[in-house]
Number of protein chains: 2
Amino acid sequence: VWIGDDAAVLGRVGGPLVCTTDCTVAGVHGDPRVIGLADFGWRALARAVSDVAAMGARCDGAVVAVAGPPDTDLATLYDGIVAAAAGHGCPVVGGDLSGAAQLVVVVTVAGHVDAPPGPVLRSGARAGDALFVTGPLGGAAAGLRWLSAGHDPPTGSDMARAAAAHRHPWARLDEGDAARRAGASAMIDVSDGLLLDLSRLADASGVGFVLDTVPVAGAATLEDALGGGEDYELVVAASDVGALCAAFAADGLRSPARIGTCVENVATRTLAGEPTEPVGWRHRWD
Amino acid sequence: VWIGDDAAVLGRVGGPLVCTTDCTVAGVHGDPRVIGLADFGWRALARAVSDVAAMGARCDGAVVAVAGPPDTDLATLYDGIVAAAAGHGCPVVGGDLSGAAQLVVVVTVAGHVDAPPGPVLRSGARAGDALFVTGPLGGAAAGLRWLSAGHDPPTGSDMARAAAAHRHPWARLDEGDAARRAGASAMIDVSDGLLLDLSRLADASGVGFVLDTVPVAGAATLEDALGGGEDYELVVAASDVGALCAAFAADGLRSPARIGTCVENVATRTLAGEPTEPVGWRHRWD
């Protein structure tokens, strides 16, 4: 598998190895002045792990390269990276450090799938497959809006949960693994926005999609949910809806939310009957 | 194996996996204005592969993260990365791209050792082991000096070879593999300077060293050879000198050059009877 999926797949004795790398740049993918360096580090690790989750794989370990200004508080940055590594069961096993004008954290995660079926690619969805997401969307975008405005949301509120979704995203490793074992045909994580990431899955699979509804996080707007990104929930395509839901239930996971269906016409991309645009965060050079 | 060796070792079904990550920052680890973006890309790939070579491992593949200014000529940068990947038999299997103020290329390489013995660490050298390098040193430093002065060395000259050593370093994968199979006790690549890198090996192994002589590249000074770095030759410690030389000969490799011996007293670090300083390129935050 060449560049373009969430992670690379390398042939290996003992099962395929997956490997993914993710740049997190201060001011581009998170603002340490808003969330602090520890949460910036957490996000850098979780973003990379999410790409492994989107293959239905498990993490073997991460290597972390940091380039940044000499006055960077590395101890605090690493605290966040290591906390996320512990939380996700993905040990940091190596790293590199260099001076640079701007803080750049590159996390590379190696992972594997220990039993068939193999890693779930973006490209396997077929017309008729059902589409799911693993949780409500838009919380991270809403949380960032609050945090950027300097608000301190009340404990336990929807806004506090949204702020946490931005600060401390969780990669959906268990959900990805369950979906793979249940025979999911395609999968991608919602890093840049549902409509943009789903369009990538549809493009890679050569299908269109018809969305009925999208679950919106408590404090978020529908616009946040469709284009906000950074929620790191998974979009799953599956032909056997019963097997998917049963696998999630057997593992004690939140039920995946059905959002729509894949269709044969690649140009059909609708929500509630209306055409959609692939809105979301477009990386430079995309 | 935790942070601190050339590459991380992850336990894997089918043999240990090694994984290494390396930052190459424009203006810190190479100047694209001097050598061009293609050679900057070559160096970024070769530096990371060299860490795999220093474990005695083979490459499975690389993932490349690039952060840089929007006007970066990515096609030229990738040309160099892909040429080095082809030259080293290390396919680029994935990547990530982001905007940033300064060009940062992070190459992460996964590799493996396909038969015992396992990866060669820095920490296995014992008093009495012989020390070798896989080739003459200092060429890259001398070449950089010429290139930075704007010289265009005559084809076939020592200086031309030195310039090539800086522009197009080769990781010593075959030498590392041969040394591992021959039972090398410790290994490190000369990335920052012989005395500095050898000191790291000695520190990790709890030994001192007595150097007799160091092979100096054609256009280089002894100072270049001792502290210049970036030659990416390997330093090898081995108790069985005959087995090491036989393995190199059987594989058609240049004979390793004996430079000295490991000794019990950790504080003994001499060259031709004189004390040495661990000179070389010190990374920020080292």
Side-chain angles (χ1 to χ4, degrees), chain A residues 1-15 17-29 47-48 51 60-70 72 74 91-110 112 114 283-286, chain B residues 1-15 17-29 47-48 51 60-70 72 74 91-110 112 114 283-286:
Chain A
V1 175
W2 191 249
I3 297 180
D5 219 294
D6 295 294
V9 177
L10 297 109
R12 290 277 299 143
V13 183
L17 172 73
V18 304
C19 192
T20 176
T21 193
D22 250 304
C23 280
T24 302
V25 180
V28 177
H29 306 100
R47 292 180 67 220
D51 285 329
D60 289 316
V63 288
V64 178
V66 175
T72 304
L74 286 177
V92 176
V93 295
D96 191 30
L97 196 55
S98 172
Q102 186 177 13
L103 181 62
V104 177
V105 179
V106 175
V107 179
T108 305
V109 179
H112 70 283
D114 50 16
H283 300 288
R284 191 179 301 279
W285 293 317
D286 233 24
Chain B
V1 175
W2 190 249
I3 298 179
D5 219 296
D6 295 294
V9 178
L10 297 109
R12 289 279 300 144
V13 183
L17 171 74
V18 304
C19 191
T20 176
T21 193
D22 251 304
C23 280
T24 302
V25 180
V28 178
H29 306 100
R47 294 179 69 218
D51 284 329
D60 289 315
V63 289
V64 179
V66 176
T72 305
L74 286 177
V92 176
V93 295
D96 191 29
L97 196 55
S98 172
Q102 187 177 12
L103 181 62
V104 177
V105 179
V106 176
V107 179
T108 305
V109 179
H112 71 282
D114 49 17
H283 299 289
R284 191 181 299 279
W285 293 318
D286 231 25

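Bear in mind that the values here come from a model prediction, so they are computed numbers and not experimental data. Letters A, B, ... mirror the listed sequences (proteins, then strands); counts begin at 1. The basis for the numbers below is simple: all heavy atoms, side chains too, and nothing from hydrogens, waters or symmetry mates.
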Handout entry: Candidate list B:V93, B:V63, B:V66, test side-chain contact (heavy atoms from CB on, under 4.5 Å), partner A:T21, passing option
Key =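 The single option meeting the side-chain contact (heavy atoms from CB on, under 4.5 Å) with A:T21 is B:V63.
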
Problem - Result of checking A:V107, A:D22, A:V106 against B:D96 for side-chain contact (heavy atoms from CB on, under 4.5 Å) - result: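 Testing each of A:V107, A:D22, A:V106 against B:D96, the sole residue satisfying side-chain contact (heavy atoms from CB on, under 4.5 Å) is A:D22.
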
Exercise for the section: Give the minimum heavy-atom separation between B:A67 and A:V25, together with the two atoms involved. Expected result: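 Scanning both residues completely, I find the closest heavy atoms to be CB-CG2, 4.2 Å.
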
